[in-house]
Student: 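Handing you this structure, nothing more for now.
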Amino acid sequence: MSLTFDPTTLAPYLGFLAAGARLTALACALALAGGLALGIVVALMRTAASPLARRAAGIYVDVFRNVPFIVQLFFLFYGLPEIGIMLSAFATGVLALSLAGGAFSSDVIRAGILAVEPGVLEAAQVSGLPRLAIVRRIVLPIALRSSVRPLGSVFVNLVLTSSILSAITLNELTGSAKIVASDTFQPFEVYALLLLLYAMLTWLVSLSAGVLHRRLNRSHR
Amino acid sequence: MRYADFTSLDLLLLLQGLGVSAALFAATTVIGTAIGLAWALLRYYRTPLLAPGVAVLAELLKNSPVLVQLFLVFFGLPVLLETDLSPEQAALITLSANTAAFIYVIAVSAIESVGRDQLETARVFGLNRWQTLRRVVAPQAAAFGLGPLAGLLVNQLQVTSLISVIGVIDLTKAGAILNQRTLKPFIVWTVIGLLYYLMARLIARTCARAESRLRGHSQWKGL
């Protein structure tokens, strides 16, 4: 039986894997929204005039970038019930992904904010716009538009990181593949297929981020 | 009856986990750097077939979860080749290959950062391709690549935490064991996180020091 490679026997399990892929996609989409919202707030804090806000945001980013995701995940998964917050594995996973995603996307958005020309800001201030309007109508649109492509690679990392959610009993794509592997006794075929699936998924994500980036920045070349 | 308090032996477990994580990180960094640089050399010499093959492999390794790669090697490879693989061996193979892929990307862009005019000048001076690489390209590429390398190494340290999933007793696994026994998740995971944080800091600082040394020649020294 040595060196047999027969992926055709996996055909009956494709539906099951697709369900796992849907869960991965859902978790990633929710975490993208959460991470982006958090990233915008943190990036604004890091570029704020108040030293306290800058410092708090800096510590948050520093901690979540330098501690392994699986440790953050276990901290939340085992720690939250301890203080009476009962979340499902899925909710915990999305929360952890959002927190980590927020740290990474705030870096990108911060760079986008710093790249906004000072002249534009001065013009807005001279026109007498209130601060919130400057942030909402001028700084963020420019900063976000220029950071679509780097945000795409943050999102690619988020998709890859989401495979770790299988460690807290969540049967997303990797979790379901584990079940299929132990069902079929064909771990090599299953995980090789999974590797290709993830590579294709992330390739599509970075491709569409590139297209979106070009489209949004079309008039600014 | 369970013994739920922390004991002094827990410190030993923590230290052992720390040692395993650090050792695996060091080993995979060395092996991965060697392989990644060899791959970059294949590209530098434009080796037919091998160079594009390596590019595809690196792209595949970069764009798939390390956890899946780990499962493929630990569960899949022994079945395919009918051999036995310990979790430590599987971790070593996977993380070395993964590091190699990222080192390859950094090395390629570092080599390309050296201007074409310099290569032509070296050629005019009669240096062969190896001498050009050794004397002209490598020193500048090393200084260029150290910045991204620092980021990569901090990331790879965090990636080592995944080997706990296939049963290697590293720092994360030590945390999981302590967490299960003492049922004090906040203390346990905070300590584990802090230890990882300190290691990451140490790596970043070492890289920053090495970079300032390598860039020393181009810095303004005063008159």
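Quick note: numbers below take in every heavy atom, side chains included, and nothing from hydrogens, waters or symmetry partners.
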Student: Chain A heavy atoms under 4.5 Å from B/E59: which part of the residue, side chain, backbone, both or neither?
Tutor: neither
Student: Taking it one step at a time, do B/T83 and B/L77 satisfy side chain to side chain contact (heavy atoms under 4.5 Å, CB included)?
Tutor: CA-CA 8 Å; B/T83 52; B/L77 219 52; over 6 Å; no
Student: Applying side chain to side chain contact (heavy atoms under 4.5 Å, CB included) to B/L61 and B/Q69, what does each step give before you reach the verdict?
Tutor: CA-CA 8 Å; B/L61 284 173; B/Q69 296 166 17; 3.8 Å; yes
Student: Do the side chain of A/R110 and the main chain of A/L44 share a donor and acceptor less than 3.5 angstrom apart?
Tutor: no
Student: Less than 3.5 Å apart, any donor N or O on the side chain of A/Y60 or A/S106 sitting next to an acceptor on the other?
Tutor: no
Student: Mind checking which of residues 10-23 of chain A sit less than 4.5 Å from chain B, heavy atom to heavy atom?
Tutor: none
Student: Quick one: which of A/P81, A/A199, A/P187, A/A192 has the most heavy-atom pairs under 4.5 Å with chain B, could you say?
Tutor: A/P187
Student: Name the region of A/L196, side chain, backbone, both or neither, that has any atom closer than 4.5 Å to a heavy atom of chain B.
Tutor: side chain
Student: What I'd like to find out is whether the side chain of A/Q72 reaches to under 4.5 Å of the side chain of A/V63, using heavy atoms alone.
Tutor: no
Student: Let me know if A/S162 has heavy atoms under 4.5 Å from chain B in its side chain, its backbone, both or neither.
Tutor: neither
Student: Check for a donor-acceptor pair, side chain of A/Q186 on one end and backbone N or O of A/E189 on the other, with a separation under 3.5 Å.
Tutor: no
Student: Is there any side-chain hydrogen bond (donor to acceptor under 3.5 Å, both in side chains) pair reaching into residues 161-176 of chain B, and which pairs are they, with sequence neighbours excluded?
Tutor: B/T172-B/Y196
Student: Residue by residue, which of residues 9-25 of chain B have a heavy atom closer than 4.5 Å to a heavy atom belonging to chain A?
Tutor: none
Student: Are the side chains of A/F74 and A/V71 in contact, using a 4.5 Å heavy-atom criterion?
Tutor: no
Student: What part of A/S163 gets within 4.5 angstrom of chain B, counting heavy atoms only: side chain, backbone, both, or neither?
Tutor: both
Student: So, does A/S147 use its side chain to make a donor-acceptor pair with the main chain of A/P150 at under 3.5 Å?
Tutor: no
Student: Against chain A, work out which of B/L162, B/T160, B/L198 has the most heavy-atom pairs shorter than 4.5 Å and name it.
Tutor: B/L162
Student: Checking A/D62 against chain B: side chain, backbone, both or neither under 4.5 Å from a heavy atom?
Tutor: both
Student: Nearest 0.5 Å, please: how far is CE in B/M199 from CG in B/L171?
Tutor: 5.5 Å
Student: Determine which residues belonging to residues 32-44 of chain B lie within contact range of chain A, meaning some heavy atom pair is under 4.5 Å apart, and list them by number or answer 'none'.
Tutor: none
Student: Report the distance from atom OG1 of A/T174 to atom CG of A/L165, rounding to the nearest 0.5 Å.
Tutor: 8.5 Å
Student: Looking at side-chain heavy atoms only, is the closest gap between B/L72 and A/F188 below 4.5 Å?
Tutor: yes
Student: Do B/Q156 and B/T99 meet the criterion of a side-chain donor-acceptor pair at a distance under 3.5 Å?
Tutor: yes
Student: Measure the acute angle between the ring planes of B/F186 and A/F75, then classify it against the limits of 30° and 60° as parallel, tilted or perpendicular.
Tutor: perpendicular
Student: Quick test of your reading of the model: are B/R181 and B/D5 salt-bridged, counting only N-O distances below 4.0 Å?
Tutor: no
Student: Quick check: does any side chain N or O of B/N179 sit under 3.5 Å from a backbone N or O of B/G175, one acting as donor and the other as acceptor?
Tutor: no
